[in-house]
There are 2 protein chains.
Amino acid sequence: MSQPQIDSSNGDRRSQILEAALVCFAKRGFHQTSMHDISGEAGISVGLIYRYFENKEAVISAMADRHKKEITEMLERARQAPSLLESLEILFTAHCCEDAPQFVSAFVVDLYAEASRNPHVADLTRDVLETAMAGVRNLIARAPEAQNAAHGLTPDDLAELIFAVARGMLMLDVLRPQEMTAAERRTRQLEVTRRLWRLLFKPEGELAYA
Amino acid sequence: MSQPQIDSSNGDRRSQILEAALVCFAKRGFHQTSMHDISGEAGISVGLIYRYFENKEAVISAMADRHKKEITEMLERARQAPSLLESLEILFTAHCCEDAPQFVSAFVVDLYAEASRNPHVADLTRDVLETAMAGVRNLIARAPEAQNAAHGLTPDDLAELIFAVARGMLMLDVLRPQEMTAAERRTRQLEVTRRLWRLLFKPEGELAYA
DNA sequence: TGACAATGAATGAACGTTCATTCATCTTCC
DNA sequence: GGAAGATGAATGAACGTTCATTCATTGTCA
């Protein structure tokens, strides 16, 4: 019932714990990570976690929250890009590759798995997705590049496609920790995705030369 | 060490257990599903599971195996379709929508989450993916439709894109159990995806009229 | 300034519970 | 009778969570 107070110094502890939790969750998953794992990774005692989070579920929720904030910030940055393709590029690179790619990919896949059965996490995650997709929908609707390039696809369809590709590549990512380095994968994925975007937003009926 | 024998009658029990496990895993996830849950769902005793599976991990592995067999069969069916687009359609609908869509989506996302930290499951899942992607790559490489429609994308790139979209939509699926029915979602996704395929395999430089 | 009181962040052993796994026992069917 | 199928109570390890306790820091008063 009683929320732990959140003032200046507490903020640091909270993010210290969340940082440790991200590492553990990515390595072992939500339900295989024990509170002792987190406290160990953070270099603090178990009990202290309960001063900052009501329980384990609250830690998971807070991580989903953090993920939302990160995505929202990215969207803001993307909105300021001069062209649609540049906006998308910002979103895509940030989306799956910033910070520690392995960790983030594994964490996001786990987040969706958790969302599929935890209504609270589902709400948070859906919220992130809706916000981000609405943002992209807007970018598309306002972009001159997209005006003459419907291909029978609405901005809504396009946004869904773009997100599906991004999430799908992230999903495929978790299976390939060894074949290539993260940087190589990122480069290749960006290249492929860029071509898709160009194709999607190429004025309908325009001649294309490789 | 000692594999439980697998003969005629045992096969039925095994699939009975796997069927129950799929339901439980989709509902609660691998690690929140107890062996008692599975035995309850299957209508048998806990101990009996251990006559057919060495341990819980073996049940998870067997499910990944089953998933592989299903995908391989689908690929075989898709190979016999008369055109590339029809092949892809068979793969796509089977891929995420056959049987009980909700269950399968949640299970597959969980499978990938598990793969990200369980090397054995990762190997199995990667194997499925490689097989399926190689199949699609072949379909594309042999298809006359794809010959004149490179857009700077190799068959490899195209296969990766097609898979990313399919997996991505599956991932988005787990967040939307309420907005629409499974059938509505399937229809809409298929429509959007179909347009993407047409766009990808439309001869380069050809005029397109909605 | 120095002695003392109060605070609350931090600790980690302990608790109750859950879970995977085992095995003594019972049933079935030839 | 006995081999194989099936049961579920028992086991012990691991887990999330609690809480009595410690102790560095801060506030108070002479």
Side-chain angles (χ1 to χ4, degrees), chain A residues 1-64 110 114 117-118 120-121, chain B residues 1-64 110 114 117-118 120-121:
Chain A
M1 220 21 72
S2 62
Q3 271 308 79
Q5 64 269 42
I6 304 164
D7 59 30
S8 55
S9 68
N10 281 5
D12 289 337
R13 267 276 183 256
R14 271 182 72 94
S15 29
Q16 180 194 358
I17 293 168
L18 288 179
E19 208 61 53
L22 176 63
V23 174
C24 294
F25 287 163
K27 264 197 283 208
R28 285 170 222 120
F30 291 141
H31 300 290
Q32 282 175 290
T33 295
S34 72
M35 295 301 258
H36 283 88
D37 289 335
I38 299 175
S39 75
E41 179 71 34
I44 57 171
S45 67
V46 212
L48 190 55
I49 297 176
Y50 288 88
R51 180 169 288 274
Y52 297 92
F53 297 93
E54 202 181 337
N55 51 31
K56 194 180 178 183
E57 254 238 24
V59 179
I60 298 175
S61 291
M63 300 248 359
D110 226 52
E114 181 65 16
R117 66 188 78 97
N118 180 333
H120 187 207
V121 173
Chain B
M1 218 24 68
S2 62
Q3 272 305 78
Q5 66 268 41
I6 303 164
D7 60 31
S8 55
S9 68
N10 282 6
D12 289 338
R13 266 275 185 255
R14 270 181 73 94
S15 30
Q16 179 194 358
I17 292 168
L18 288 180
E19 208 60 54
L22 176 64
V23 174
C24 294
F25 287 164
K27 263 198 283 210
R28 284 171 222 119
F30 292 141
H31 300 289
Q32 282 176 289
T33 294
S34 72
M35 295 302 258
H36 279 89
D37 289 336
I38 299 175
S39 75
E41 179 71 34
I44 58 173
S45 66
V46 213
L48 191 54
I49 298 177
Y50 287 88
R51 180 170 287 276
Y52 296 92
F53 297 94
E54 203 182 337
N55 51 32
K56 194 180 176 183
E57 255 239 22
V59 178
I60 297 175
S61 291
M63 301 248 0
D110 226 51
E114 181 65 16
R117 65 188 78 98
N118 181 333
H120 187 208
V121 173

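Chain letters run A, B, ... following the sequence lines, proteins first, then strands; residues in each count from 1.
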Looking only at heavy atoms, the pair that brings Ala62(B) and Phe53(B) closest together is CB-CE2, 3.7 Å
Restricting to side chain to side chain donor-acceptor pair (under 3.5 Å), what partner residues turn up for His120(A), sequence neighbours left out?
Ser61(A)
Five-pair end axes of the helix from dT1(C)-dA30(D) to dC30(C)-dG1(D) and the angle they enclose, rounded to 10°:
10°
Does a side-chain heavy-atom distance below 4.5 Å link Glu41(A) with Glu19(A)?
no
Reading nucleotides 13-30 of chain C from the 5' end, what letters show protein touch, with B for base, S for backbone sugar-phosphate only, - for no heavy atom under 4.0 Å?
------SSBB--------
Would you confirm whether Arg28(B), through its side chain, and Arg117(A), through its main-chain N or O, come within 3.5 Å as a donor-acceptor pair?
no
To the nearest 0.5 Å, atom CE of Met63(A) lies from atom CG of Leu18(A) at 6.0 Å
In this structure, CD1 of Ile38(A) is separated from CG of Leu48(A) (nearest 0.5 Å) by 12.5 Å
Do side-chain atoms of Lys56(B) reach the backbone of Ser34(B) as a donor and acceptor pair under 3.5 angstrom?
no
With heavy-atom distances below 4.5 Å as the criterion, would you say the side chains of Asp37(A) and Lys27(A) are in contact?
no
To the nearest angstrom, the OH-C1' distance between Tyr52(B) and dG5(D) comes to 6 Å
Counting just side-chain N and O atoms, does Arg51(B) come under 4.0 Å of either OP1 or OP2 of dT7(D)?
no
